[in-house]
Amino acid sequence: MSNKSIDWTNLGFKYRRTDCHIRHHFRDGQWDGGQMFHEETIPVHIAATSLHYGQAAFEGLKAFRCRDGKVRIFRPEMNAARMIDTARRIHMAPVPESLFVEAVHRVVAANLDYIPPYGSGGALYIRPLLFGSGPQIGVTPSLEYTFMVLVMPVGPYYQGGLTPVRAIVYDQYDRAAPLGVGNIKVAGNYAAAMEPHERAKQEGFAVELFLDAREHRYIDEFGTANFIALTKNHEYVTPESRSILPSVTNKCLQKIARDLGMTVQRRPVEFAEIPEFAAVAACGTAVVITPVNEIVRGDSVCKIGPARGCVPEMQQLYDRMTAIQVGDDPDDYGWNMELRA
Ligand SMILES: *Cc1c(COP(=O)(O)O)cnc(C)c1O
């Protein structure tokens, strides 16, 4: 297997085979030292709790080939911490932060040939996965867990400037219950959003926006990305809710926004406020920022910001974030972790 056939300019965001991935097993109360595998398939117990009862969680982060030629991983300790939170809530054995970060380094280092070159706009997408792999037939947490990390090269989402998309609100679907598991990256959340997402795509919308499940009055987030908005008064607004997945990208953008002179508001945001916003966007690791210029809910259509492109402040946030990631701008916040040799 080599990378010679990869067209770095046309990667998109899809599964691609790389050289290897790492697997750690938790048995008898402890994690093993991990092992690399080349196969793309794994043997799994027929009674594994992940298969039957959804004891499974994932993460997503990126490594970049930087301007100076070095490889840097973007804030892996944030994803490690989040996976610990997820594991606790669905009663899985948490992966210690040091083991998580080390596993990420090992897999990236073993797949250097698959990291898109500096300047291509691409990155190595890193997908950690934790699941109950031991047998239970009663609904009980597994005694065994598998933690694996796979990687794949992914392309830049945009060639040229940011391209806005349309979003839809379906009042007949919720993403997460008020005191449920919307705030953790548990696999089942994504199964729950697949039907509305496929329906949205069919109807011409790139993303679906979910409201709070209790009243459908406040904004929670998009299916796989946080909601952010900018106001004419240089405010960066993002919802506060118990059901939102805490996005690393959103946290970074808040920091950058402050440094660009904006004020950051994290508070309950009513759906009715949308017409007042100068710009709305979805944010997450895969795309960083996706501007949203139209939100449809039933018969109402709300247009936000310019029809094409996006407001300069949104572009600035995007540019600064991506410049830090590839070393074009200084990493003043210490977000990039250099790959260990
Ligand atoms: C992963 C995810 C995000 C984005 O989080 P990042 O850490 O920025 O990648 C936002 N919302 C949901 C529901 C997610 O699963």
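Along the sequence shown, the residues carry numbers beginning at 1. Treat the numbers as computed from the prediction; the structure is a model and nothing was measured.
Both tests do not hold together for R72 against F64: distance to the six-membered ring centre under 6.0 Å, angle to the ring axis within 45°. The cationic atom of R297 (NZ for Lys, CZ for Arg) lies less than 6.0 Å from the six-membered ring centre of F271 and within 45° of the ring axis. Judged by a 6.0 Å distance limit and a 45° cone about the ring axis, R166 is positioned over the six-membered ring of F205. Cation-pi geometry between R23 and F147 is not met at under 6.0 angstrom from the ring centre and within 45 degrees of the axis.
With sequence neighbours left out, the side-chain hydrogen bond (donor to acceptor under 3.5 Å, both in side chains) criterion links K70 to no other residue. Remark: R214 engages no residue in a side-chain hydrogen bond (donor to acceptor under 3.5 Å, both in side chains) (not counting sequence neighbours). Here Y190 pairs with nothing under the side-chain hydrogen bond (donor to acceptor under 3.5 Å, both in side chains) rule; sequence neighbours left out. Among residues two or more places apart in sequence or in another chain, the side-chain hydrogen bond (donor to acceptor under 3.5 Å, both in side chains) test is passed with E102 by R340. For the ring-ring contact (aromatic ring centres under 6.0 Å, His included) test, no residue two or more places apart in sequence or in another chain qualifies with Y218.
Nearest approach of N111 to V107, heavy atoms of both residues: ND2-O, 2.8 Å. Across C283 and L253, no two heavy atoms sit closer than the pair CB-CD1, 3.8 Å. What you find for F222 and N226 is that their closest heavy atoms are CD1-O, 3.6 Å. The two residues G298 and V296 make their nearest non-hydrogen contact at O-CG1, 3.8 Å.
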- salt bridge (charged side-chain N to carboxylate O under 4.0 Å, His left out) evaluation trace for R320 with D329: CA-CA 7 Å; R320 181 101 173 87; D329 276 4; 3.0 Å; yes
- Query: Should E273 and R267 be marked as a salt bridge (charged side-chain N to carboxylate O under 4.0 Å, His left out) after you check the CA-CA gap, both sets of side-chain angles, and the distance that decides it?
  - Reply: CA-CA 12 Å; E273 293 181 52; R267 58 168 175 83; 2.9 Å; yes
- Task: Might you work through the ring-ring contact (aromatic ring centres under 6.0 Å, His included) test for Y125 and F13, ending with a clear yes or no?
- Result: CA-CA 9 Å; Y125 181 71; F13 191 87; 5.0 Å; yes
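Defined by atom type and a distance below 3.5 Å, a donor-acceptor pair is present between the side-chain atoms of T9 and D7. Defined by atom type and a distance below 3.5 Å, a donor-acceptor pair is missing between the side-chain atoms of Q254 and Y236. There is a side-chain donor-acceptor pair under 3.5 Å between Q55 and Y145. Counted by atom type alone, H216 and D171 present one or more donor-acceptor pairs between their side chains at under 3.5 Å.
Salt bridge absent: E59 and K185 never bring a charged side-chain N and a carboxylate O closer than 4.0 Å.
With a 6.0 Å radius and a threshold of 12 heavy atoms from other residues, nucleotides or ligands, R242 has its CZ atom above the threshold.
Ring-centre distance between F58 and F131: not below the 6.0 Å cut-off.
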What pairs of donor and acceptor atoms, side-chain ones from residues 91-98 against any protein atom, are under 3.5 angstrom apart with sequence neighbours left out?
none

